[in-house]
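Everything below concerns the one structure shown next.
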Amino acid sequence: MNKIFSVYNKLYFHFGPQHWWPVTEKGNFHPTYSGGPKNEKQQLEVCFGSILAQNTSWKNAEKVIVELNKHSLFDVKKIIKIGAKKLAQIIRSSGYHNQKAKKLKNFCDFLLNKYDGKLNLLFKNDIAELRKQLLSVNGIGPETADSIILYAAKKPIFVIDAYAKRIANRLGYKEQRYDELQNLFMENLPNSEKLFNEYHALLVELGKDICKKKPLCGKCPINRYCSYYKSK
DNA sequence: TACCAGGTCCTCG
DNA sequence: CGAGGACATGGT
């Protein structure tokens, strides 16, 4: 078994399944980890959430999900209709709220103009075309696009975020660019949406509490695979 | 107080 | 291309 796969098994054994992506169940305002989206409203939540979480703690993004639920704003046409300033105020606690208000509007404009406002039409594209389409939206970069593909469309692609990059580099891999890191993971794993979903979530769990900027290597379940740890 | 958190865009060599 | 700056709130 290759090292990338061994690391996954070790993390899964240590932390258990993560039940990503968090979405809001009917009747609630707060999203929960219940195994990902099961309808189009929840899929839209994943899309908005992946934009709102850009370079921000999930806690801050989550506050905004709650606010958007209260205002019934998981609705493409309503996002287009509401004023940018008003939307920015509502999503304030996610940080970069002025930019993110525009990004949400850009995404909804794109969806309405090209796909009749329907995610299920957008998601009918194959992965390569879907990614290309998402990247054409100003405000959606590679990580956000891949998060939407994996967690909203539930198609197999590996998401690289700051945690994945930091952990891979500490493990000893030299890759720096997004696509190089993505290839590293995808070439060493079976092409499985379920696996990519869990693995990325597990990397977040490790990166958040253990493999931090100042890492707590003593607590790390994969330190025996880690060149950073070995070199200390 | 300073630093960090589930990035992306724009500008400039 | 790649580096560097701007964007901003909330938690420790």
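The chains referred to below are lettered A, B, ... by the order of the sequence lines, with proteins before strands, and numbering in each begins at 1.
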Evaluate whether atom NZ of A:K154 has more than 12 neighbouring non-hydrogen atoms of other residues, nucleotides or ligands under 6.0 angstrom away.
-> yes
Side-chain N or O of A:T144 less than 4.0 angstrom from OP1 or OP2 on B:dT8?
-> yes
Where the side chain of A:N138 is concerned, which of C:dG11, C:dG2, B:dC9 is the nearest nucleotide?
-> B:dC9
Nearest-neighbour nucleotide for the A:N60 side chain, C:dA8, B:dA5, B:dT8 considered | B:dA5
Proximity to the side chain of A:K213 - top-ranked nucleotide from C:dA8, B:dG7, B:dC4 | B:dC4
Whether A:F196 and A:F158 hold their rings parallel, tilted or perpendicular, with breakpoints at 30° and 60° = perpendicular
Carboxylate-amine/guanidinium contact A:D75 A:K77, below 4.0 Å | no
What's the closest nucleotide to the A:R177 side chain, out of C:dG2, B:dG7, C:dG10?
-> C:dG2
Closest nucleotide among C:dG10, B:dA5, B:dT8 to the A:S93 side chain | C:dG10
Can you check the A:N55 CG to B:dC4 P distance for me, whole Å?
-> 12 Å
Just wondering, more than 12 heavy atoms not from A:K105 lying within 6.0 Å of its NZ?
-> yes
Please check the phosphate of B:dC9 (OP1 and OP2 only) for any side-chain N or O of A:K100 closer than 4.0 Å.
-> no
Looking at A:R92, does any N or O in its side chain come under 4.0 Å of the phosphate oxygens OP1/OP2 on C:dC7?
-> no
